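Structure record follows, encoded as C-alpha cells.
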2 protein chains.
Amino acid sequence: MRKGVQTIPKASASELNDLLKKNQLSVTGSRKRILELFLVSEGALAHADIEKMTEEKFDRVTVYRTLQSFMEKGIIHTIPTAGNSIRYALCKQDCTEGHHHDNHVHFFCTGCQKTICLDTVTIPNVKLPEGFTPTDRQMIVSGVCEDCR
Amino acid sequence: MRKGVQTIPKASASELNDLLKKNQLSVTGSRKRILELFLVSEGALAHADIEKMTEEKFDRVTVYRTLQSFMEKGIIHTIPTAGNSIRYALCKQDCTEGHHHDNHVHFFCTGCQKTICLDTVTIPNVKLPEGFTPTDRQMIVSGVCEDCR
DNA sequence: GTAACTGCAAAATATTTGCATCCTT
DNA sequence: AAGGATGCAAATATTTTGCAGTTAC
C-alpha cells in the first residue's frame with residue numbers, strides 16, 4: 001500500500017530535532033511542523049500547500065521565512081515548474097549550503113497535481129552545442145502517477 | 001557573430017502579420033510588437049522582460065492578455081523555472097491549440113540570466129518506475145552560455 | 001541574558017477583473 | 001457596424017520589510 005494524502009505518517013520528533021540542529025537552526029514549532037510536512041509528503045510542496053496543510057496555525061510570513069531558512073541551509077531545494085508557483089522539496093543527497101546536488105528526475109502528475117521526486121531515476125546527460133558549459137541539470141516528466149491511473 | 005541584446009534585428013511586418021492571422025488573432029500594435037520580441041530574441045521572455053523591452057508603451061494588463069492569447073493559440077509556451085517568474089518562448093514545432101510538442105532542451109545562463117531554446121538538442125528518454133505514465137518531458141540545463149564565457 | 005524567531009501591520013509587487021472607449025475586420 | 005482589443009481604475013493576491021514581543025539556547 002502506498003502513502004496517500006490522507007495517510008499521513010508521523011515523523012519522529014527526534015528526527016526533526018536532529019535535522020534542524022545539524023543545520024544550525026534553532027528548534028521551533030513552526031520549523032518542526034513544516035519540516036515534518038516535507039518528511040511525510042513524498043511530493044514537493046508550494047507555499048500555498050503548506051499554508052493549507054498547517055491549518056492557519058502559522059503566520060504567512062513565518063512560512064516564507066522558514067522556507068527561506070531551509071533553502072539557505074540546503075534542507076530543501078526548488079523544483080522548476082511551468083507555472084508561477086515555486087515548489088520545494090527535500091534535498092535527499094549531500095546538499096551543502098549554497099550548492100545542491102539534485103540530479104534526479106521529478107514527476108508531475110496531471111491527475112493529483114503532485115510533484116514527486118523519482119530518486120531512483122537519474123537525469124541523463126546531454127551533449128550541448130559548442131560553447132555551452134553546463135553546471136546543473138533539471139528534468140521534469142509530467143503524466144499520470146501510479147495512484148491516478 | 002551572434003545576436004546580443006543590443007543587436008535587435010527586425011522581423012518582417014508580413015511575417016508578424018501572417019503568424020497572427022494564421023492563428024485567428026486580429027492584428028494589433030501590441031500583438032505585433034510583442035510577437036516581434038519573441039521572434040527576434042533567441043531566448044525566453046518573462047512578463048517583466050517584455051515590459052522593459054517595450055519601454056512602457058503598453059499597459060501592463062495588455063501584456064498579460066496578449067501573452068494569454070498567444071498561449072491559447074499555441075504560439076508560445078511556458079518554460080519551467082526554479083523561480084516564481086513564468087518564462088515564455090516561441091513554439092518552434094507543430095504546436096496546436098492545447099497541445100504542445102516542445103521536446104528540446106532549454107538552457108539557462110547564470111551569467112546573462114537568459115533562457116535559450118536549444119532546438120538541436122532533444123530531451124533524452126528516461127525509464128520511469130512501474131506505474132508512471134509519461135506524457136511530456138521538460139529539461140533545463142543551466143550553466144554558462146557561449147557569450148558569457 | 002542574548003540572539004534569534006514569530007506575529008502583526010503595512011508596504012511593495014504582481015495578477016485579475018470590470019467597464020468604457022477605440023480599433024480591426 | 002459588430003466584435004474584439006485596449007487602457008484605466010480598482011479589486012485581489014502574493015511577497016517583502018520593520019518592529020515589538022516572545023522563545024530557544
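So that the names make sense, note that chain A is the first sequence line, chain B the second, and so on, each numbered from 1. Please read these numbers as outputs of a predicted model, since none were measured by experiment.
Regarding B:Lys57, its NZ atom lies at a distance of 11 Å from the P atom of D:dG7, rounded to whole Å. When the C1' atom of C:dC5 is taken as reference, atom CD of A:Gln68 falls 13 Å away, rounded to whole Å. Computed from coordinates, the A:Asp59 CG to C:dT6 C1' distance equals 8 Å when rounded to whole Å. Following rounding to the nearest Å, A:Leu20 (CG) and C:dA4 (C1') show an atom-to-atom distance of 14 Å. A:Lys32 places its NZ atom 14 Å from the C1' atom of C:dC5, with the value rounded to the nearest Å. Note: CE (B:Met71) to P (C:dT16) measures 12 Å, nearest angstrom. Note: CZ (B:Arg31) to P (C:dC23) measures 15 Å, nearest angstrom. When the P atom of C:dT6 is taken as reference, atom CZ of A:Arg33 falls 14 Å away, rounded to whole Å.
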Check nucleotides 13-15 of chain C against the protein and report each pair of N or O atoms closer than 3.5 Å, with its distance, or say if there are none.
residue: C:dT15; atom: OP2; partner: B:Tyr64; partner atom: OH; Å: 2.6
residue: C:dT15; atom: O5'; partner: B:Tyr64; partner atom: OH; Å: 3.1

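Between the B:Asp49 side chain and the B:Ala46 main chain, a donor and an acceptor come within less than 3.5 Å of each other. Here the side chain of A:Thr135 pairs a donor or acceptor atom with the backbone of B:Ser142 at under 3.5 angstrom. The closest donor-acceptor contact from the side chain of B:Arg137 to the backbone of B:Ile123 lies under 3.5 Å. Between the side chain of A:Arg149 and the backbone N or O of A:Val144 there is no donor-acceptor pair closer than 3.5 Å. Under a 3.5 Å cut-off, the side chain of B:Asn23 and the backbone N or O of B:Leu25 do not form any donor-acceptor pair. Formation of a donor-acceptor pair under 3.5 Å by the A:His104 side chain with backbone atoms of A:Thr120 is not found in this model.
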(request) Starting at the 5' end of nucleotides 19-25 of chain D, put B wherever the base has a protein heavy atom under 4.0 Å, S where only the sugar-phosphate does, and a dash everywhere else. (result) -----SS
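Here A:Tyr64 is tied to no hydrophobic group at all, with no ILVMFWY side chain closer than 4.5 Å.
No side-chain heavy atom of A:Val141 sits less than 4.5 Å from a side-chain heavy atom of B:Asp136.
For B:Tyr88 and B:Phe70, the distance between ring centers is not under 6.0 angstrom.
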